[in-house]
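Notes for the one structure printed next.
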Amino acid sequence: MQGGNMTGRIALISMAAIGILAWQASVMAETVYQWTDRHGQPHFSDSPPGGHSKVIRDIASDGPASPDRHGLRNGERRMLDRLAQRAEQQRQARQSRGRKAHQHRTQTRQTCREMREHLRKTRDDALRKHYARKLGKHCW
């Protein structure tokens, strides 16, 4: 009798587990919206809110958070601020490197133009060789 009772318990537990898993799958498949009404009260719903409020994020699709970062913890806000600050620093560094590279290319072109002009104008063989070596090394 105990063996049959144990088998029944296992079957019951198995059926309960299957039911819970099926319920979780159906819940996870739904889209859940988090939104704030005009009074600042947060709400959760499976349908989009009306026109008097804005959608903060679609939780099921894990959409982007709102620009005002409503609903984030202080640590999450600080982390996002640090990431934004780091991204801005990297953007500024890229711009600076780009400007320096542009200035270097411009200066190199100008120097090469001047050397070519000197090479054309000079009649001294030693200077011609000097300019030709410089042009060959840096400009051609």
Side-chain angles (χ1 to χ4, degrees):
M1 184 143 196
Q2 268 190 336
N5 194 10
M6 188 63 125
T7 305
R9 285 183 186 170
I10 292 173
L12 183 62
I13 291 171
S14 297
M15 287 176 42
I18 291 171
I20 289 171
L21 290 174
W23 174 77
Q24 280 182 334
S26 68
V27 168
M28 290 177 70
E30 294 180 21
T31 300
V32 179
Y33 296 92
Q34 177 186 358
W35 54 282
T36 305
D37 64 16
R38 61 182 158 205
H39 303 291
Q41 183 69 32
H43 297 276
F44 296 89
S45 173
D46 60 348
S47 61
H52 64 278
S53 61
K54 63 180 184 176
V55 175
I56 293 175
R57 65 182 171 155
D58 182 352
I59 296 173
S61 67
D62 198 22
S66 69
D68 61 359
R69 299 179 181 166
H70 179 76
L72 294 179
R73 296 181 186 125
N74 288 334
E76 293 169 333
R77 284 189 191 104
R78 283 192 302 269
M79 182 182 296
L80 287 175
D81 290 341
R82 282 193 304 267
L83 288 173
Q85 184 180 18
R86 186 179 307 150
E88 179 62 21
Q89 288 171 347
Q90 289 174 346
R91 185 189 65 77
Q92 289 176 354
R94 278 193 308 273
Q95 281 184 339
S96 176
R97 285 191 305 267
R99 281 192 299 271
K100 287 179 184 178
H102 176 72
Q103 289 171 349
H104 179 71
R105 284 190 305 270
T106 303
Q107 182 63 38
T108 301
R109 287 183 189 129
Q110 181 63 31
T111 303
C112 290
R113 256 187 246 116
E114 290 171 2
M115 277 194 228
R116 285 188 194 101
E117 188 63 30
H118 288 303
L119 180 63
R120 277 192 280 275
K121 289 183 176 180
T122 189
R123 298 292 175 224
D124 184 10
D125 285 339
L127 279 175
R128 288 180 64 83
K129 286 180 183 179
H130 169 74
Y131 289 132
R133 275 196 304 272
K134 287 264 192 187
L135 282 168
K137 186 174 184 181
H138 299 289
C139 301
W140 292 333

Hey, are the side chains of E117 and E114 touching, using non-hydrogen atoms and a 4.5 Å cut-off? no

Atom CG of L119 and atom CZ of R133: how far apart are they, to the nearest 0.5 Å? 12.0 Å

Are there more than 12 heavy atoms of other residues, nucleotides or ligands under 6.0 Å from atom CZ of R120? yes

Identified side-chain hydrogen bond (donor to acceptor under 3.5 Å, both in side chains) counterpart of Q92 within the set Q95, E88, Q89: E88

Do we see a donor-acceptor contact under 3.5 Å between the side chains of R82 and Q85? no

Quick one: pull up CG in D81 and CE in M79 and give me the separation to the nearest 0.5 Å. 11.0 Å

Flag side-chain contact, heavy atom, 4.5 Å: L127 against H118: no

Non-hydrogen side-chain atoms of K137 and K134 separated by less than 4.5 Å: no

Do R86 and Q90 get their side chains close enough for a donor-acceptor pair, meaning under 3.5 Å? no

Could you check whether any side-chain heavy atom of C139 comes within less than 4.5 Å of a side-chain heavy atom of R116, counting everything from C-beta outward? yes

Rounded to the nearest 0.5 Å, what separates atom NZ in K129 from atom CG in D124? 10.0 Å

Would you say R91 has more than 12 foreign heavy atoms packed within less than 6.0 Å of its CZ? yes

Indicate the atoms forming the closest heavy-atom contact of R113 with Q110, along with that distance. NH1-OE1, 2.8 Å

For the residue pair S96 and R99, establish whether any side-chain heavy-atom pair is separated by less than 4.5 Å. yes

Between NE2 on residue H130 and CG on residue L135, distance to nearest 0.5 Å: 9.5 Å

Mind checking whether R105 and R109 have side chains closer than 4.5 Å, heavy atoms only? yes

Backbone of Q107 reached by a side-chain donor or acceptor of T111 within 3.5 Å: yes

